[in-house]
Structures are given as C-alpha cells and as structure tokens.
Amino acid sequence: MDHSAHHTAQHGDQHADHTGHSHHAHHAGHAPGASWSMAVKATLHCLTGCAIGEILGMVIGTALGWGNVQTMVVAITLAFLFGYSFTLFAVRRAGLDLKSAIKVALAADTVSIAVMELVDNAIIALTPGAMDAHLDDGLFWAALLGGFAVAFVITTPVNKWMIGRGKGHAVVHAYH
C-alpha cells in the first residue's frame, strides 16, 4: 500500500465536504477553467469566423440574384469553413500537423458553429421580409446582425458547458 493510500485508510479523507464527498470526487469529470470569460472568448472566436463566412455567402448570393435556399447553403457552408479555419490556423501555428489540426478544429468548433448557424439562420428566416431584402436594405443587415447577437447569447452557455467537460474549445487550449 502506498503512503497516500495508507494515510487515507488510517485517517479517512480529510477533505470531505459537508455531504461527506471528497473535494476530488466532487470535481471529478469537470475540466478546470470553465469560466464565463473563457466561454465568451470561445464564442467570439467562433462568431468571428461564422460572421465572415455567412456575410460573404449572403453578399455573394444576394449580389448574384440567387434564391434564398442557394444563398443560405453558400452562407452556411462558408460560415463553417471560416469558423473551422480560425482554429485550424491557430493550432497549425502551434506546430500541429494538418491531419491532427483538422481533427482539433472539428472537435473544437462543430457544435458551436452548428448552434450558432441554427439560431442565426432561424432568426433571419423568421424575420418578415429579411429573406427578400437586398444588400442596401437596412432590414437585411438588422436581421443578420440581430441573428448573430441572439446566436452569441445562446451559444455562450453551450460553449461554457462543453469547455467544463473538456470538449469544444477546451481541446484547443492544449495548443495555446
């Protein structure tokens, strides 16, 4: 029996809380540092990539006179592409090979981007007239930016929950 096991067997767990659970057991399974600040930073990181991709897709589709479905498909595709690329470039700079970097980006951002895109595009689709608005129309930009704001508010707690469980952007922190 090692020293710590012998000590615990003789004296019990000195760090038990008022429920009788040890401090270590109480926090088992939770990654350290799942703060709101970390979740906000992860969400802003994701939002930046998503916004660039989605705005670019909306501008391309609207400028070319494409229909709503084609424009949304391009916008969502570019949102994922740009969202992943921000993490991909960061972990590549940290020295990860391309295959590993892609795995990290997929693990870090998929849920965050998916939630953000679902919320953002639902807001746009549900805003009367927004799907038919043109680039020079304030409604186009109000719906788009309003959708991003609501998506940020909804995605931040999702990211906090994931980071607290060692998922999402928590996988990126090993490379910073």
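These figures come from a predicted structure and were not determined experimentally.
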Looking at [Y], is its backbone amide N or carbonyl O close enough to the side chain of [X] to form a donor-acceptor pair, meaning the two atoms are under 3.5 Å apart?
X	Y	answer
Trp141	Leu135	yes
Asp120	Ala151	no
Thr71	Asn68	no
Thr156	Phe152	yes

Give, for atom [atom1] of [X] and atom [atom2] of [Y], the distance between the pair rounded to the nearest 0.5 Å.
X	Y	atom1	atom2	value
Met58	Ile76	CE	CD1	7.5 Å
Leu64	Gln70	CG	CD	11.0 Å
Tyr84	Leu106	OH	CG	5.0 Å
Thr155	Glu117	OG1	CD	9.5 Å
Lys160	Thr43	NZ	OG1	11.5 Å
Leu47	Ile52	CG	CD1	9.5 Å

With a 4.5 Å cut-off on side-chain heavy atoms, are [Y] and [X] touching?
X	Y	answer
Cys46	Phe86	no
Ile60	Leu78	yes
Asn121	Glu54	yes

Could you state whether Ile113 and Met162 fall into the same hydrophobic cluster, counting links through intermediate Ile, Leu, Val, Met, Phe, Trp or Tyr residues with side-chain heavy atoms under 4.5 angstrom apart?
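Different hydrophobic clusters.
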Testing the 3.5 Å rule here: is there a donor-acceptor pair between the side chains of Ser100 and Asp97?
yes
